[in-house]
Amino acid sequence: MTAVSIEEWAGTLVIVAMLVLSAAFVAFHLEIEADLESFLPVSADPHTDEMEQWSPASGSANLILIAVEGGEGHQRVAVSRALAQWLRMDPRVNRVMNGDADNLAAVPASLLPYRYLLSPAVSSQRFSAEALEDALARLLRRLSGAAGLADHGLAMWDPTGELDIIVGQWAGSSPSGRDLGVWVSNDGARALMLLEASFTASDLDAQEALLDEIRNGFGRLPGVEGVALLMTGQGVFGVESRALIRAEVLRLTAVASLLVIFVLAFAFRSPRLILLSALPLVSAVLVATAVVGALFGSIHGITLAFGVTLLGVAVDYPIHLFGHRRQGELADDTMRRIWPTLRLGLGSSVLGYSAMVFSSVNGLVQLGVFAVSGLVAAILVSRFVLPRMVPIDLGVPRRCPPRYRFLHFSPAWGSLMVLACGIIAPTYLVWQQDSVWENNLSALSPVTEDEVALDARLRADIGAPDIRYVAFFRHRDSEAALRASEALSLDLEALVVDGVITGFEHPADLLPSASTQMLRRSSLPAAEILAADLESAASKLGFRASAFEPFLRDMEVARTLEPLRADALPSGWPETGLERYLTRSDEGWTATVTFRGVTDPEYLMHWFAARDDGWHYVDLKWQVEQTLEQIRDEGLQRFFVGALFIVGMLSVGLRSLRRGLKVSTPALLAALVTAAVLVSAGESLSLFHLVSLLLVVGLGLDYALFFHSFSGESDRSWQARRALIICALSTIAVFGTLATSPLPVLEAIGVTVALGASLAWVFALLMSQRLDTGG
Amino acid sequence: MLMHERAEILGDRAAFQETRILQMMRKPLEVSGELVYRAPDYLRKTVVQPEFEELEVVGQRLYLGDRDSRRRLHVDQHPVLAGMVAAIRGTLSGDLVSLEDHFEHDFNGTQGAWRLDLTPRSIEVAEFIKAVTIEGEGSRLLRVETRYANGDISLMQMQSME
């Protein structure tokens, strides 16, 4: 028995101080980020900002698609109206579109004379003698029609109907179906509404509050009996996913903790030891979070989630400590005995994970730093703090562990199996190359198929643009951006005719360039000519010429109007939705074009590539998938570099390349075989699997080192094996529980780690027996 | 209230002749056609002269069309139309609730010959319509006179065909 030295006590104090500091930092300084941007690689794409803005993950285009279903038609219409009216008063809502407001009241009075500059119908022919006669003839037909005198108030003032055209454009894409003016689906079964929130879709707290408010408000409306409210959109998905993940994590944590407590209770029979087992892991998460937060200014939510997964290996350290204790031994002495093995295992894991630190992907760098600093903290706590808290003889098992004869293969069989796996798994993976990776992002999303189907249905009903495809044009001058958008729109019309797209939206539809406005202005007829032409048309059709004086007056005003310019407009001009299509940044203005009904994305992409006129076309989904693929490829590279580091470190630590290979083989092989098994079972691998495989390697190294260092038939070896069984059981308990989750991400992590850890354990056992005889 | 005592009718079909006096026209417009009502809430006004056009009201839905096409109207953009429909249909069906939603009403005369004066309640409708006077005999309408806020006037005479 050796007394605890002063240095060791000093170490304890330093580490406790480090924990306290970390806790304080995490509690008072930590910022957790949620946007995908900071996790993704630093992109060279100059349009990252706009892509970010339009990307589903965040962005100002926070649209909520709302449908009212069930009940009677007029009931749905009334509910839609009342709901929209109520929502329009909410400051968190930019605008609500359901058809009942796209009327002339939406046009600010100061802009009314501008109709002759804004309407695309205005040309030199628009107010010719014939055209005026046509317009008045149409008016006469309306006045003598079945609806009669219902509405001709605007006719004296806007006989050619320019305002109707403008308001129609502002309403943008909207469903063709109407019931009493309110948007309805084509089959009439749903009343539809489109809400644009003032905050980004990634602000989940604000989103959740607004969605709750909408549901509550809907419930209080009169006449909602039998009527259901449906909502969808990226923000809705975000809130639902978060709620689902929270509930799942809570449930899984409870189940997994119970299982681990059961395993530990069975092994150690001491509540104190069970509590102490959690200490290294908790310290590791705390320190790792603080280190990443201090180095990067904030920590990403994804880093935190993956990082905690990677630190799962920290639970094994206390288990080794408790498991290796003998009767009457001080925990400090046990720790000194297993320290070289623990240290080597940690050293190789740290080296392996540190491969990620030198990555260009910000998220991987954070993850590497998190894993490395967490593991170092865990091992320091296990070495210098934990032993001091374990009373002598507490929880030391008296019985010998089983000798698991059932696992005693002959060394020949063992090596044969390992060899076979070592050949089959990589060969299979190389053969299956193309189908190994998951490229469909939505396959990993917790959003259910029903919700996706509802979203697609409502999006089709409303005719909302598919924000997967966008094109950008940036210029320091808004006029140039609008002119570019006008030029592009002329060419895009041809694509509509060819059926490549069914439609598109562009900013110049809402605000024409100043040069176009000037052109329209100059096409307006001179006052005398207009008055004469109007007079002759009026007298021909029986109208009093004086009736149209308001029209002549507005024309007079229009003739001297300066064009409306983007920088002079009230911020964003929210009535028109222009702010979504023409945005201002420090570098200038960006025009954005969105597309509807893209039938041939590839053609569209090549079409833009061939233009070379400054328009930048992006398939956002493809872009995000490319980025994830890049992260994954780089992660894979790091995985192999890390593997090399590990073999090197172990060879140095064990003073033999052969021993180094033998100890690292079970871990690396387990990862490969796990990947092969998952792929052969029809799973496609994603980043989540890759991170899980990293943990498998860390666990496997520990298993192999302990099997290796404490092999043979001695008491020492039994204790080591007992500790290893407890390690494996608790890992499998935790990740096996995750594997039962209906959420794809949690399931992926759970299955991979549970399977990988089991395989690593078995391989380590087989290889250690081989070492017993062969080495 | 006499209106209650009027016999409920299942339907009526009448030829109409309408004179529209507009401020913006030099001469009145003459319009003629057919008006059909079926209890409880179907109303159709077919203009035959000068040009075919049909306005059909089924429950809460409004359709307007010629021989080739038909479109559903946004009723909130036509509050006047909604008001007129409520006036005529309300009178025919004796549906006081819907009538009172839109108009103050004053009933005079006897079952045999009566007169109903309507003044719009909502500001939306009052902005366009000043007053509507409906005259009838028993369950039939004979004459509808509409005075618009801008000074326009519509006079409609009806002759039952059933």
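Predicted model only: the values in this text are computed from it and were never measured. Proteins come first, then strands; the chains are lettered A, B, ... in the order of their sequence lines, and each starts at number 1.
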Enquirer: Please check if the number of heavy atoms outside B:Q159 that lie under 6.0 Å from its CD is greater than 12.
Expert: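 Not buried by this count: 12 neighbours or fewer within 6.0 Å.
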Enquirer: What pair of heavy atoms forms the shortest contact from B:M24 to A:L139, and how long is it?
Expert: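 That closest heavy-atom pairing would be CE-CD2, 3.9 Å.
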Enquirer: Write down the atom of A:S144, the atom of B:V47, and the distance for their closest heavy-atom approach.
Expert: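 Scanning both residues completely, I find the closest heavy atoms to be O-CG1, 3.8 Å.
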Enquirer: Given that the side chain runs from C-beta out, which part of B:E30 has a heavy atom under 4.5 Å from chain A: side chain, backbone, both or neither?
Expert: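 Neither part; nothing is under 4.5 Å.
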Enquirer: B:M25 versus A:L140: any side-chain heavy-atom pair under 4.5 Å?
Expert: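 With C-beta onward as the side chain, the pair touches.
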Enquirer: For atom CZ of B:R147, decide whether the heavy atoms of other residues, nucleotides or ligands shown that lie under 6.0 angstrom number more than 12.
Expert: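 No, CZ of B:R147 has 12 or fewer neighbouring heavy atoms, counting only those of other groups under 6.0 Å.
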Enquirer: Got a second to check how far A:R142's CZ is from B:L64's CG, nearest 0.5 Å?
Expert: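 Between A:R142 CZ and B:L64 CG, I get 10.5 Å after rounding to 0.5 Å.
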Enquirer: Spell out, as yes or no, whether a donor-acceptor pair under 3.5 Å connects the side chain of B:R26 to the backbone of A:S539.
Expert: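 The answer is yes, because a donor-acceptor pair under 3.5 Å joins these two groups.
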Enquirer: Using a 4.5 Å heavy-atom cutoff, which residues in residues 128-135 of chain A come close to chain B?
Expert: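 So no residue qualifies.
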Enquirer: Tell me the residues of residues 542-551 of chain A whose non-hydrogen atoms fall below 4.5 Å from those of chain B, in number order.
Expert: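 Within residues 542-551 of chain A, near chain B: A:G542, A:F543, A:R544, A:A547, A:F548.
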Enquirer: Which answer fits B:E54, side chain, backbone, both or neither, if we ask what part of it has an atom under 4.5 Å from a heavy atom of chain A?
Expert: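 Only the backbone of B:E54 comes within 4.5 Å of chain A.
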